Structure formats: structure tokens, C-alpha cells
Protein chains: 2
Amino acid sequence: MRAALDTVREDGLAAASARTIAARAEVNQALIFYHFQTVSGLLEAASNRAVDESVAHYREAFAGSESLTDLLGVGRALHDRERRNGNVALMAQLMSGARQDPVLARASHYAVSAWTDEIAVALDRLLATSPVADLVDSAGLADAVAAGFIGLELYDGVDPDGASRALETLGSLAQLIDVVDGLGPVARRALRTQLGAASRPNRSRR
Amino acid sequence: MRAALDTVREDGLAAASARTIAARAEVNQALIFYHFQTVSGLLEAASNRAVDESVAHYREAFAGSESLTDLLGVGRALHDRERRNGNVALMAQLMSGARQDPVLARASHYAVSAWTDEIAVALDRLLATSPVADLVDSAGLADAVAAGFIGLELYDGVDPDGASRALETLGSLAQLIDVVDGLGPVARRALRTQLGAASRPNRSRR
DNA sequence: GTCTATAAGATGATAGAC
DNA sequence: GTCTATCATCTTATAGAC
């Protein structure tokens with residue numbers, strides 16, 4: 001399983017054949033089919049296990065965050081770490097293969113849900129007392145963040161300068177949320193009125 | 001070239017072999033190597049041509065936009081159209097293949113740059129008179145938007161509900177930019193002070 | 001469980017007829 | 001320019017020895 005993930009991380013999904021994976025693991029190619037039926041089956045089992053481990057590794061940090069700024073910090077550390085260890089690249093490869101392979105689609109869904117569920121719980125808790133809750137849906141924000149990570153990873157492979165520019169810009173936009181989060185009650189009401197005026201048909205008014 | 005792109009759009013990069021493409025075009029497989037040397041060479045030529053056409057199709061709309069709200073509307077229409085016709089999926093596939101194939105990397109870079117250059121020009125023009133210019137870099141924002149499109153496309157293949165939630169949430173965040181864009185001079189100054197306080201070490205102070 | 005051997009087929013790419 | 005034919009190599013997957 002380790003060899004399978006390392007192959008995808010380093011050489012991409014296209015290079016992840018039974019033979020190349022087996023060679024890296026220094027075992028015979030036939031063993032993959034004996035234990036996992038198909039190559040995709042191996043990738044799914046390996047990915048699920050790795051995701052469970054990674055998510056568990058961040059559970060405490062998520063639960064311990066006490067403000068959106070805290071959570072943003074955890075998110076940055078997470079992104080940095082998971083990117084460096086190649087897990088973001090791994091996910092991007094699995095997701096691009098998911099289009100044609102239902103087993104990879106299931107594995108990708110599992111991975112994405114594991115992360116976003118965890119993030120959404122933390123967001124829900126922290127947004128409860130914040131005016132930002134009026135602006136965004138926690139599950140939607142978690143999904144957007146996850147999709148952004150994947151997109152940035154692919155972008156980075158094609159235009160590294162562009163990717164870091166994008167990341168920096170998103171950082172300054174996140175500050176905007178931060179400022180709104182810290183707003184006093186008067187400013188909150190003013191903002192809410194402004195947002196109401198800016199044509200938003202999709203939220204019921206209390 | 002049309003057959004090549006349709007194959008990637010519909011069946012993914014992994015299915016885009018010389019034989020499958022040639023079969024779709026109802027020509028002989030050897031012709032691909034005669035005209036384009038390699039399969040990647042064909043994909044690059046086809047992608048470059050398609051990108052040039054698509055970008056040209058939106059040039060007027062970009063140039064004609066007179067506010068950030070306008071531009072956001074153009075962006076939404078663009079995303080909707082390019083997603084429906086499969087061009088976003090195509091890009092995501094090329095970018096995921098770019099990791100291992102330098103020709104696909106070059107093609108992806110060309111495509112991404114063609115779009116972001118166009119968007120950045122429009123943003124530069126519109127941000128000139130807006131307080132948002134203090135917040136974000138136009139090139140960085142263009143990159144972030146492009147990366148977001150790609151990420152959302154992959155996400156959509158794995159969790160369609162999550163992808164639409166994410167898109168909706170991003171829409172409500174965009175409204176925040178909209179509100180800041182419409183701020184009067186007093187509110188602008190207040191916001192700028194708030195942002196200054198929110199620890200931002202990466203921008204020189206005038 | 002791990003191996004060898006092998007089947008059955010797909011792939012990129014080229015040579016050469018027309 | 002387009003084709004047929006072909007090579008060498010890779011692929012997933014299985015049968016069967018140990």
C-alpha cells in the first residue's frame with residue numbers, strides 16, 4: 001500500500017501499474033491481484049487508510065481551535081504539511097482518475113468527505129457566534145476549501161508562480177472574513193443591511 | 001484535433017490513445033504520428049487552438065464589463081458555458097497529466113496563462129477605482145479563480161452536491177467583495193485601518 | 001502467501017506500399 | 001497524405017508450482 005501511494009505521489013496515476021508498484025515494493029506483481037483483486041482496489045484500500053490516519057492526526061487541532069483565525073492557522077499548517085508530503089498531489093491524481101474508474105471515484109469521495117466533514121464540524125462550532133454565519137454555509141465553505149486545495153495543487157504543477165500568487169491573494173481575502181468576524185454589533189448590522197441590498201435571493205429573512 | 005479533445009473530454013486522458021482518437025476521427029492511427037509526432041503533440045496542438053478560440057470568444061465581454069459586478073457576471077457565464085461544453089474537464093485532465101508529460105505541461109501552461117492574462121487585464125482596469133485594490137492583487141485573483149474552476153471540476157466528478165454547495169458559498173463570499181467595492185470613502189478608511197490591524201506583514205505601507 | 005509462467009490484449013511508434 | 005503491416009513493449013489478470 002505504501003508503494004502504491006508513493007508511486008502515485010511521485011510519478012502520477014498513469015505510472016501506477018501493477019508492475020511498477022510491485023517493483024517498488026519488491027514483491028511480485030501477481031500479489032496485488034491476490035490481495036486486492038485489481039490495481040484500483042489496492043489504490044482505494046491504501047488511500048482510505050492514509051486518509052484515516054491523516055484526518056485523525058488533525059482532529060485535536062481542529063477541536064482545539066477557538067476562533068476562525070485559529071482555524072485558519074490550522075488550515076494553513078494542514079495545507080502546508082499535506083502538500084509537502086504529497087497527499088494533495090495524490091488526491092488530485094485520484095480525483096482525475098475518478099472520471100473513468102468507479103473504484104477511484106469511491107476512494108476520492110471517501111477522502112474528500114473525511115476531510116470536509118471534519119472541517120465543517122469545526123466551522124459550525126466557531127461560526128455560531130460570528131456574523132460570518134450570516135454570509136456562508138459551513139459545509140459549503142469546507143467544500144470550497146477542499147476544492148481550492150486540489151485546484152491549487154494542479155495549478156502548481158503547471159504554473160508554480162501563479163499558484164503562489166493565488167495562495168497569497170486567497171490569504172488576503174481570508175483576512176476580510178477575519179475582519180468581519182471581529183466586527184462590533186453596530187457594524188454587523190450595517191454590513192447585514194448592505195448585503196441585503198446587494199441582491200441575494202437565496203436566503204430567507206428572519 | 002476535434003476527436004482528440006472530445007476523447008479527453010468524454011473519456012479522460014487515460015483513454016486518449018492514438019488508436020481510440022483515430023477511431024473516433026475515422027482515420028488511421030499512423031496519421032497522428034505523421035502529423036503530430038506524438039499523441040501529446042496532437043493534444044497540445046488541439047488544446048492550444050481550442051483555447052485561442054474560447055478566449056477570443058470572451059474578449060469583448062471582458063473588455064465591455066464596467067464594474068466588478070459586471071465582471072463577476074461574465075465570469076459566471078464563462079464558467080457555466082466552459083463547464084457545460086467540457087472544456088474545464090479537459091483542462092483538469094491535461095493538468096493532471098502535466099505532472100509526468102512536459103508537452104502536456106506546456107499545453108496546460110499556455111491554456112492557463114491565456115485565460116488568466118485576459119482576466120487580470122479586466123481586473124486591473126476595474127480595480128483601479130475600487131478599495132478592493134488595496135486588498136488583492138489582480139494577477140493573484142485571476143490565478144485563484146482559474147485554480148478554483150479546476151478544483152471545482154474535479155470535485156464535481158467526485159461529489160456533485162459538495163461542488164454545488166461550494167460554488168454557492170463562493171458566490172456569497174463574492175458578494176462581500178461587492179459590498180467593499182461599493183463602500184463610501186469613510187467606510188473605506190475604517191476598513192483599511194481594520195485590515196492594517198489584522199497583522200499583515202506582506203504589504204508595504206504608504 | 002509468494003512465486004514463475006503465460007495468456008490475451010493494448011500501446012507508441014516505424015517501414016514501406018500506394 | 002493515407003494506408004497496411006509489423007515491432008517491441010507494456011498492460012491486467014490467471015493458472016499452477018512451491
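Below, each value reflects all heavy atoms present in this structure, side chains not excepted, and no hydrogens, waters or symmetry copies. This is a predicted model, so every value here is computed, not measured. Here is how names work: the chains are called A, B, and so on, in the same order as the sequence lines, proteins then strands, and each is numbered from 1.
The interatomic distance linking A/Leu42 (CG) with D/dA13 (C1') rounds to 15 Å, in whole Å. As rounded to whole Å, 14 Å separates atom C1' of D/dT11 from atom CG of A/Leu13. Put simply, CZ on A/Phe33 is 10 Å from P on D/dT11, counting in whole angstrom units.
Nearest-nucleotide positions on DNA chain D place A/Thr20 closer to the 5' end than the other of A/Tyr34 and A/Thr20.
With salt bridges taken as basic N to acidic carboxylate O contacts below 4.0 Å, none links A/Arg49 and A/Asp52. Between B/Asp80 and B/Arg84 there is a salt bridge, since a side-chain N of the basic residue sits under 4.0 Å from a carboxylate O of the acidic one.
Contact annotation: the side chain of B/Phe62 approaches that of B/Leu78 to within less than 4.5 Å [non-hydrogen atoms, C-beta and beyond].
Interatomic distance, CD1 of B/Ile21 versus CG of B/Leu5, reported as 8.5 Å (0.5 Å rounding). Separation of atoms CG (B/Leu72) and CD1 (B/Ile177) is listed at 8.0 Å; rounding is to 0.5 Å.
Closest of all the heavy-atom pairs between A/Leu94 and A/Ser47 is CD1-OG, 3.6 Å. Nearest heavy-atom pair, B/Tyr110 versus B/Asn48, reported as atom, atom and distance to 0.1 Å: CD2-OD1, 3.3 Å.
A rotation axis mapping the C1' atoms of four pairs onto the next four is fitted at both ends of the helix from C/dG1-D/dC18 to C/dC18-D/dG1 over five pairs, and the angle between these axes is 0° to 10 degrees.
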query: Taking it one step at a time, do B/Leu68 and B/Leu123 satisfy side-chain contact (heavy atoms from CB on, under 4.5 Å)?
result: CA-CA 8 Å; B/Leu68 278 187; B/Leu123 275 173; 4.0 Å; yes

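Nucleotides of DNA chain C that come within less than 4.0 Å of any heavy atom of chain A span, from the 5' end to the 3' end, C/dG1 to C/dT6.
Counting non-hydrogen atoms under 4.0 angstrom, A/Ala18 reaches the backbone sugars and phosphates but no base.
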